[in-house]
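Quick note on labels: first sequence line is chain A, next is B, and so on, each numbered from 1. The analysis underlying the following values was restricted to heavy atoms, covering all of them including side chains, and did not include hydrogens, waters or symmetry mates. Only a predicted model underlies this, so the values are computations on that prediction, with no experimental measurement involved.
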4 protein chains.
Amino acid sequence: MKHRPGRHFLQIPGPTNVPDRILRAVARPTIDHRGPEFARLATEVLEGCRSVFQTSDPVAIFPSSGTGAWEACLVNTLSPADKVLMYETGQFATLWKAMAQRFNLDVEFVPGDWRHGVDPGELEARLIEDRQHAIRAVAIVHNETSTGITNRIADIRRAMDNARHPALLFVDAVSSLGCMPYKHDEWGVDVTVTGSQKGLMMPPGLGLNAVSKKARAASKSSRLSKSYWNWEDILGSNVDGFFPYTPATNLLYGLREALAMLFEEGLEAVFARHARHAEAARAAVHQWGLELLPLDFREYSNAVTTVLMPHGHDADAFRSLALDRYDISLGMGLNKVKGRVFRIGHLGDFNDLMLMGSLAGVELGLRLAGVPHTAGGVQAAMDVLSARDAVAKQQLQPA
Amino acid sequence: MKHRPGRHFLQIPGPTNVPDRILRAVARPTIDHRGPEFARLATEVLEGCRSVFQTSDPVAIFPSSGTGAWEACLVNTLSPADKVLMYETGQFATLWKAMAQRFNLDVEFVPGDWRHGVDPGELEARLIEDRQHAIRAVAIVHNETSTGITNRIADIRRAMDNARHPALLFVDAVSSLGCMPYKHDEWGVDVTVTGSQKGLMMPPGLGLNAVSKKARAASKSSRLSKSYWNWEDILGSNVDGFFPYTPATNLLYGLREALAMLFEEGLEAVFARHARHAEAARAAVHQWGLELLPLDFREYSNAVTTVLMPHGHDADAFRSLALDRYDISLGMGLNKVKGRVFRIGHLGDFNDLMLMGSLAGVELGLRLAGVPHTAGGVQAAMDVLSARDAVAKQQLQPA
Amino acid sequence: MKHRPGRHFLQIPGPTNVPDRILRAVARPTIDHRGPEFARLATEVLEGCRSVFQTSDPVAIFPSSGTGAWEACLVNTLSPADKVLMYETGQFATLWKAMAQRFNLDVEFVPGDWRHGVDPGELEARLIEDRQHAIRAVAIVHNETSTGITNRIADIRRAMDNARHPALLFVDAVSSLGCMPYKHDEWGVDVTVTGSQKGLMMPPGLGLNAVSKKARAASKSSRLSKSYWNWEDILGSNVDGFFPYTPATNLLYGLREALAMLFEEGLEAVFARHARHAEAARAAVHQWGLELLPLDFREYSNAVTTVLMPHGHDADAFRSLALDRYDISLGMGLNKVKGRVFRIGHLGDFNDLMLMGSLAGVELGLRLAGVPHTAGGVQAAMDVLSARDAVAKQQLQPA
Amino acid sequence: MKHRPGRHFLQIPGPTNVPDRILRAVARPTIDHRGPEFARLATEVLEGCRSVFQTSDPVAIFPSSGTGAWEACLVNTLSPADKVLMYETGQFATLWKAMAQRFNLDVEFVPGDWRHGVDPGELEARLIEDRQHAIRAVAIVHNETSTGITNRIADIRRAMDNARHPALLFVDAVSSLGCMPYKHDEWGVDVTVTGSQKGLMMPPGLGLNAVSKKARAASKSSRLSKSYWNWEDILGSNVDGFFPYTPATNLLYGLREALAMLFEEGLEAVFARHARHAEAARAAVHQWGLELLPLDFREYSNAVTTVLMPHGHDADAFRSLALDRYDISLGMGLNKVKGRVFRIGHLGDFNDLMLMGSLAGVELGLRLAGVPHTAGGVQAAMDVLSARDAVAKQQLQPA
């Protein structure tokens with residue numbers, strides 16, 4: 001092992017920088033998952049999860065990746081040949097679609113340009129057209145980690161309501177939960193899917209589903225085979241604080257700590273922090289004269305900023321140089337935007353000075369890689385923070 | 001939180017006492033799962049796993065429980081209505097059977113009394129009878145954690161060979177791998193299933209499959225739906241040290257450390273240690289005048305000792321008392337033996353004095369609970385260890 | 001590094017088995033020792049220390065060993081040629097005496113046989129004889145870690161009072177604080193000296209002084225040179241939660257956790273636990289037919305049991321064998337009893353089953369080393385615990 | 001506890017940001033300090049220390065702060081009324097002087113303005129004048145942490161040699177060792193004093209002395225009282241890997257890891273990194289239009305940059321605001337410069353992006369506090385790094 005000095009800057013859009021407090025929690029000794037101490041742990045974690053999802057519905061936690069939680073969503077609610085409406089908003093929507101097809105679902109996949117999110121009006125029209133209500137479920141990725149586009153779930157819900165369409169609403173909140181406002185109940189989401197390693201600040205290894213009453217009812221008639229992902233097994237056991245099979249106890253320790261940290265800071269403060277950092281990051285990109293991948297400002301993500309490379313410059317070569325020289329991991333372009341974009345993650349356990357270090361890493365890397373840009377991005381980001389802080393300071397002062 | 005003094009004795013048959021060295025490894029900062037440092041980690045772990053399974057075949061690692069690895073085994077290799085031969089050797093065989101049925105497999109489940117393992121002769125006869133080779137797979141639990149019975153896989157393999165039957169052989173080695181000799185290649189196992197939290201000394205959260213060439217070939221024609229568990233995705237990505245979805249990085253840190261520890265001690269020494277402790281534990285049970293659940297000495301487990309309670313005494317009340325008063329977690333009786341047995345786990349990261357403490361916990365608990373027994377079990381166990389050590393010492397001395 | 005399976009049994013009489021909860025606390029990131037967060041930490045720790053010492057006097061914490069806290073006691077209170085009365089109760093009394101001589105103090109060192117503690121009557125007579133009150137201080141080791149003898153401080157205080165002698169009373173409570181009742185205020189101790197690595201369950205690295213008003217007054221006229229150990233500097237800074245030089249922040253994290261654990265268990269429960277274990281350990285020694293070093297049962301230590309080896313057997317060879325074969329560290333014989341005794345530490349974060357494992361390690365070691373003894377020590381210890389628990393159980397039951 | 005998001009920036013000039021790798025090492029279970037495993041640990045650590053001090057002389061490690069190591073240096077070598085020559089280069093020189101006076105040494109304390117280091121020519125003249133060789137020792141602080149001034153030890157050695165003066169040379173390398181080149185042997189230093197919590201990247205709690213043969217010889221005739229600090233005890237025990245009293249085992253684990261990390265990176269690379277960061281930090285200060293406290297560029301420190309506040313602005317109010325709002329700890333002005341300077345520590349485990357975050361914290365803080373300055377300091381620092389990296393990149397390319 002060769003020591004690299006200082007902290008690594010893990011600025012991919014997840015896994016995020018896991019705070020040492022969570023790492024220490026994860027390192028507690030494993031206990032009997034059928035004993036009373038475990039039951040207290042599980043009950044506390046499940047209760048806390050409901051608060052973060054903003055739901056009174058139950059939450060299922062799987063030892064799995066977020067991908068597993070996608071699968072749990074589909075196999076619990078649907079039957080072969082069921083029609084699902086999905087939108088090509090980026091790589092994760094594309095992967096979820098491919099998964100649905102593997103389970104012989106009939107996916108209507110609305111093509112997209114990876115630079116726009118779902119148009120709620122288009123969705124409404126499409127649902128109105130589905131007079132037979134053949135569409136059993138609409139599945140949307142809230143925050144497309146691959147593009148930095150955040151879909152407007154509240155508007156999508158409204159579109160479904162306007163169309164008076166009974167389809168289930170599935171939302172992938174893997175990279176939005178704990179970063180930006182998310183309201184499972186208020187938005188009438190039926191299944192929210194997430195993972196531990198983004199806004200929840202955890203190591204990867206847990207997949208989660210928040211499950212509405214309607215979704216759970218749908219699971220009774222679902223004919224897709226399932227065992228590991230079966231909600232009834234897990235939600236049934238959870239009532240007493242247990243699991244149908246050995247849970248990932250140490251990751252649950254971490255999740256308990258993560259939830260405590262979110263509540264200490266306050267969810268509203270957490271969301272405001274992410275908004276602040278995203279605005280500053282975009283100011284830097286603007287100053288550099290580079291282009292954001294998302295084209296609609298209403299869909300800018302507060303979790304990740306995706307930047308187009310100027311023509312003739314390879315984003316992966318730039319990322320590799322930044323990693324080698326400045327010890328910063330940036331997100332790669334996936335699939336259709338491979339080599340053409342890089343992504344700056346600014347989600348999870350993060351603060352102003354970590355953001356400044358990260359943006360400096362990008363700017364230093366651009367310079368070293370010979371990518372055309374205008375210097376001053378870090379300064380522009382600082383200006384955003386300063387302006388906000390000056391206002392806040394003034395408001396605190398007596399008139 | 002109320003402090004209980006001293007170390008808890010986690011003597012359920014898994015999760016086992018996780019060594020602090022592994023806990024510290026798990027607490028390392030999470031890294032980019034698509035970067036070069038991760039690729040080195042994954043490659044090293046996958047290589048080490050092959051050594052422990054004693055195979056040159058690839059090993060797939062899932063973020064999951066061992067149960068998930070059962071599911072991966074079934075859905076990758078089989079198609080609906082395929083016939084699978086299973087034996088009721090205890091609770092885990094029963095659960096695996098139930099899972100197979102959920103996937104619409106046609107399970108031939110040979111009944112058992114929970115006190116005997118699989119009879120290789122009976123198996124051979126049954127396979128010979130299956131002239132059409134309708135049986136696609138034989139699935140056996142190597143070490144039945146619920147009963148303390150270890151099936152003789154080498155003999156079962158021989159029976160299959162004798163019968164010249166082409167069925168696939170699936171083995172659940174969840175509580176045997178890293179505890180007793182296991183030879184995936186030599187025994188011609190097609191899929192070995194395991195989890196991280198037993199002989200691998202890890203927290204729970206990883207499920208593993210070792211996959212023979214024959215099993216992988218079978219997966220090409222399998223028609224059970226799969227996505228998360230799909231071997232092709234994972235084994236394909238693994239070639240370069242990556243995973244098709246975000247892996248449980250921190251648990252992989254732990255697994256790397258666990259493998260290093262097994263190799264430092266030496267697998268043969270690890271197995272000898274487990275045999276030594278199991279023999280001592282049985283001597284204690286014998287001295288107490290209590291009865292072992294397994295009836296055939298050839299099937300005694302080296303990982304867990306399962307003890308029948310005298311009639312009129314509830315095993316769970318005894319376990320609860322031992323936990324409250326002596327801070328030791330013992331395994332509960334499951335399903336058909338609920339309340340009738342308790343189980344002493346002596347697997348994983350364990351040594352002579354931890355065993356003595358554990359047996360003392362049982363004996364003190366029996367006494368306090370008023371369970372009829374003869375004192376002296378701990379002494380009897382010490383006699384076993386002493387006798388072995390005296391011999392070893394003599395052998396070291398010059399003639 | 002070669003992995004040894006299982007937990008090491010660290011049964012020297014300190015450092016003791018540090019609980020993982022404290023180790024995790026010690027691993028928190030270091031902070032600014034001049035910032036507000038540190039001030040809260042220090043204030044909380046200092047307050048908790050006073051509770052453990054059972055004093056309302058201030059406590060000084062040095063980055064040092066317990067030896068350093070001895071030195072702090074002497075150099076803060078005395079002047080060259082001052083007369084100090086000390087008793088040869090074992091190795092630590094002898095070392096403290098040697099230290100005093102290095103500072104040109106005039107030590108009256110009452111010889112002892114290492115098998116008895118201080119006789120309060122003898123002390124009283126000696127003080128009465130000192131009509132000029134030449135003796136400035138009486139310095140006693142509360143629990144002689146080297147011999148397993150506990151001096152009766154309350155009686156010693158009474159003797160001083162009876163003699164109406166104004167000498168300061170210094171007590172080394174290094175291996176008694178947090179193990180057995182200790183009352184700095186009630187016993188009129190002027191300086192209590194301790195270290196972090198025994199009953200406080202911590203890694204070594206902190207030395208502590210509880211300082212009475214009388215001792216602090218004496219420090220004003222003391223003419224021994226001092227800087228690092230100067231109470232005025234440290235107690236003055238402590239008022240605001242700071243230190244005159246960089247404190248050992250991470251060890252203070254651990255101490256805060258240790259104090260919380262002691263209070264969660266309750267000091268009385270902690271003392272009762274140590275008494276219980278010591279009684280059981282002595283029962284084992286008795287059964288083995290071996291002899292305790294201490295001859296007066298009123299002076300038996302609850303922290304450490306010191307055992308004489310039969311003639312012709314080397315204690316160090318036995319200890320080395322026990323370490324090699326059973327992974328248990330036992331305390332060595334020091335100075336006058338080198339090679340003639342071994343010591344079993346049963347203090348700090350310890351419980352019944354750890355004690356049983358430890359005694360099993362001793363008994364297995366005796367057997368392997370060919371030391372003449374009668375088997376059954378572990379059983380005898382279990383009988384002690386069982387008898388106590390049976391009584392406790394009965395008392396809980398309704399009449 | 002209230003969670004603050006992200007990593008704290010601990011930019012006081014020590015304790016420094018302790019890398020998690022060291023924190024995990026510190027959290028290993030404590031072992032018997034008289035056993036074979038400890039002896040291997042101590043031997044390895046002591047050997048590594050010699051490499052860092054660049055000496056073949058022995059190194060003594062005390063459980064203490066760096067202040068303790070100052071005291072060890074004085075009391076081991078000197079006798080009451082011995083004359084010591086010291087220079088007022090800042091707060092730490094002043095404190096060391098005060099300590100020497102407490103031990104009744106006759107200190108000649110050459111006054112200074114806190115903006116210059118020692119003038120070797122002046123020193124040479126002063127020594128030449130001391131024809132009787134009354135001066136027994138010259139004591140210099142290598143890097144004055146309070147002012148950011150680095151004394152030129154090689155030149156000072158040359159001055160002493162030119163004067164043919166036999167005085168001992170004591171050097172405080174607390175905040176220079178592991179940050180900038182240090183050569184105990186080559187520079188003919190007699191006692192080098194350091195602590196664990198600066199360039200060694202450790203938590204505080206260890207004080208170290210490297211001891212030349214001449215210093216050790218001097219200790220034979222020294223008449224200052226000593227016990228805890230006595231070199232003979234410690235260096236004697238160290239020969240076999242032991243200590244005369246319980247060492248701070250867990251901190252030694254950390255030191256072993258720290259040494260490994262320094263050697264992995266390479267000492268020359270470590271020094272170059274510190275030089276790089278210091279140059280960038282000064283560029284930022286220059287751009288801000290603020291003044292450095294040191295006036296002679298040859299004495300600029302590579303470990304800490306000390307900045308004068310514009311008149312009418314309180315440095316402590318600024319620091320407090322930066323801590324509250326940007327979660328960065330900056331060093332306070334001590335003694336004569338209290339409230340007039342702030343200090344930016346850029347030593348220890350640190351990298352480019354951490355520096356950029358730190359400088360951003362200062363610039364944001366200056367702005368929020370309304371301290372007059374020109375924006376662009378971070379940018380200026382980036383320019384320094386970029387320019388260096390561009391040259392390095394070019395040199396790597398084929399002609």
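- Expressed to the nearest 0.5 Å, how far CG of L200(C) lies from CG of L206(C) amounts to 9.0 Å.
- Counting heavy-atom pairs closer than 4.5 Å to chain B, the top residue among G348(C), S358(C), A360(C) is A360(C).
- To the nearest 0.5 Å, the span separating NE2 on H373(B) from CD on Q287(B) amounts to 9.5 Å.
- For R24(C), no part lies under 4.5 angstrom from a heavy atom of chain B.
- Of the listed residues (G357(B), A381(B), P5(B)), the one with the most heavy-atom contacts under 4.5 Å to chain C is P5(B).
- With salt bridges taken as basic N to acidic carboxylate O contacts below 4.0 Å, none links E279(B) and R282(B).
- For A369(C), the part sitting under 4.5 Å from any heavy atom of chain B is the backbone (N, CA, C, O) and nothing else.
- Interface residue R367(B): only side-chain heavy atoms are found under 4.5 Å from chain C.
- Across R273(B), M201(B), E265(B), the residue that shares the most heavy-atom pairs under 4.5 angstrom with chain C is E265(B).
- Taking OG1 of T305(B) as the reference point, atom CZ of R343(B) lies at 11.5 Å (rounded to 0.5 Å).
- With a 4.5 Å cut-off on non-hydrogen atoms, F350(C) touches chain B through its backbone but not through its side chain.
- Of all the heavy atoms in S51(C) and L267(C), the pair that sits closest is O-CD1, 3.9 Å.
- The residue among P19(C), A390(C), G376(C) with the most heavy atom pairs within less than 4.5 Å of chain B is G376(C).
- Taking L23(C), D383(C), L355(C) one by one and counting their heavy-atom pairs under 4.5 Å with chain B, the maximum is reached by D383(C).
- Remark: L323(B) CG to I12(B) CD1 distance equals 10.5 Å, nearest 0.5 Å.
- Heavy-atom distances place both the backbone and the side chain of D389(C) under 4.5 Å from chain B.
- When only modelled atom types and interatomic distance are considered, N302(B) and H346(B) share no side-chain donor-acceptor pair under 3.5 Å.
- Contact check on R28(B) versus E257(B) returns no salt bridge, with no Lys/Arg side-chain nitrogen under 4.0 Å from an Asp/Glu carboxylate oxygen.
- Contact count against chain C (heavy-atom pairs under 4.5 Å) is highest for R325(B) among K393(B), M356(B), R325(B).
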